[in-house]
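Side-chain atoms are counted along with the backbone in the values below, which use heavy atoms only and exclude waters and symmetry mates.
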Amino acid sequence: MAALLLWLFSLSFLAFPSYAKEDYDSLPEPYKKGVDMALEKLNSHASILHHFLFFKSVKKSEFEPGFDVKYIYHNFYLKATKCQKGTVDSSGCKFRNDRPLIDCVTCYKTFIGEIEEQPNPYVHCVHRPALTEDMRTSRAERCNDLGYSSGTPTLLLSTGKN
């Protein structure tokens, strides 16, 4: 009986993977565009060897001053997979648990759902163990400056969505 319970328990780990992936597809479209921007920037580095996927959101906020304009702030994690960098179909890629998460912040202005070139979108990604308090402060300042350059209230004081 104990062996049967142990076998059933081990099967549950196969049926329900141990990672808690928040589905990229469930993100609202403006946030997906920011994740895509971060992944594109990450994949441009020669030192990156693995395929990364969106793992989960830490904080989301947006400010909508009107006229189809939105300011988006998104702090999220990317996680390495067992697939090689450049993998096109990532549906079979399983997360690696032997690599640190990458903590990313994106903030940008959208107009009618498209990311505007001005002010310049901000993307900052770093392995979590290397993230310092100074980096967090710098991120917040850069995102706040993005809003102020257009004469809007600060992004980090806007209504958050977790």
Side-chain angles (χ1 to χ4, degrees), residues 19-91 93 95-96 99-162:
Y19 54 83
K21 178 182 175 244
E22 179 183 324
D23 195 11
Y24 169 84
D25 294 333
S26 68
L27 284 173
E29 198 61 37
Y31 293 97
K32 283 183 191 177
K33 291 179 181 183
V35 170
D36 294 343
M37 207 170 33
L39 284 168
E40 184 179 316
K41 185 174 180 178
L42 181 69
N43 286 323
S44 71
H45 292 281
S47 62
I48 299 296
L49 302 176
H50 295 96
H51 185 72
F52 280 80
L53 291 173
F54 174 78
F55 185 61
K56 77 176 209 173
S57 291
V58 177
K59 181 176 181 176
K60 295 185 285 195
S61 66
E62 62 185 59
F63 174 71
E64 193 169 352
F67 304 105
D68 291 322
V69 171
K70 281 187 183 179
Y71 290 89
I72 306 290
Y73 171 88
H74 191 192
N75 181 202
F76 56 92
Y77 297 145
L78 299 175
K79 191 167 184 174
T81 68
K82 294 181 180 181
C83 294
Q84 292 300 310
K85 177 178 163 180
T87 299
V88 177
D89 180 14
S90 59
S91 60
C93 296
F95 284 130
R96 297 178 66 122
R99 298 281 188 264
L101 294 174
I102 293 185
D103 187 300
C104 292
V105 164
T106 58
C107 45
Y108 45 91
K109 176 184 175 184
T110 64
F111 177 64
I112 311 175
E114 297 300 319
I115 296 175
E116 292 283 286
E117 290 183 27
Q118 292 299 320
N120 288 333
Y122 176 70
V123 178
H124 183 265
C125 296
V126 65
H127 282 101
R128 281 201 62 217
L131 184 62
T132 65
E133 201 56 45
D134 287 343
M135 286 181 195
R136 290 179 199 270
T137 302
S138 175
R139 286 172 161 186
E141 289 170 356
R142 287 288 304 268
C143 287
N144 285 336
D145 289 347
L146 179 102
Y148 285 130
S149 68
S150 299
T152 62
T154 177
L155 273 173
L156 297 179
L157 292 178
S158 61
T159 306
K161 297 179 181 176
N162 276 338

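Residues that satisfy the side chain to side chain contact (heavy atoms under 4.5 Å, CB included) test with Glu114, not counting sequence neighbours, are Lys33. Residues satisfying the side chain to side chain donor-acceptor pair (under 3.5 Å) criterion with Ser91, sequence neighbours excluded, are Asp89. Asp134 meets the side chain to side chain contact (heavy atoms under 4.5 Å, CB included) test with Thr132; sequence neighbours excluded. Residues that satisfy the side chain to side chain donor-acceptor pair (under 3.5 Å) test with Glu64, not counting sequence neighbours, are absent from this structure. Remark: Arg96 pairs with His50, Asp98 by the side chain to side chain donor-acceptor pair (under 3.5 Å) rule, at least two apart or across chains. The side chain to side chain donor-acceptor pair (under 3.5 Å) check on His124 picks up Arg139, with sequence neighbours excluded.
Taking 4.5 Å as the limit, every side-chain heavy atom of Phe52 sits out of range of all side-chain heavy atoms of Thr81. Contact annotation: the side chain of Glu62 approaches that of Tyr31 to within less than 4.5 Å [non-hydrogen atoms, C-beta and beyond]. In this structure the side chain of Lys41 never reaches within 4.5 angstrom of the side chain of Leu39, judged on heavy atoms. By the 4.5 Å heavy-atom criterion applied to side chains, Asp36 and Tyr24 are counted as neighbours. Between Tyr108 and Thr110, some side-chain heavy-atom pair lies under the 4.5 Å cut-off.
Summarising the geometry of Val123 relative to Ala38, their closest heavy-atom pair is CG1-CA, 3.8 Å, with the distance given to 0.1 Å. In terms of heavy atoms, Cys93 sits closest to His51 at SG-CD2, 4.1 Å. Of all the heavy atoms in Lys109 and Leu146, the pair that sits closest is N-CD2, 4.3 Å. Of all the heavy atoms in Gly34 and Thr106, the pair that sits closest is O-CG2, 3.5 Å. Between Asn120 and Glu117, the shortest heavy-atom contact is OD1-O, 3.1 Å. Asp103 approaches Tyr77 most closely through the heavy-atom pair OD2-CE2, 3.2 Å.
The aromatic rings of Phe95 and Phe55 sit perpendicular to each other, their planes meeting at more than 60°, with 30° as the lower class boundary.
With hydrogens and angles ignored, the 3.5 Å screen pairs no side-chain donor or acceptor of Asn75 with any backbone N or O of Lys60. Using a distance-only test at 3.5 Å, with no hydrogens or angles considered, a donor-acceptor pair links the side chain of Lys85 to the main chain of Asn43.
Residues Tyr73 and Asn144 bring no donor and acceptor atom of their side chains to less than 3.5 Å of each other.
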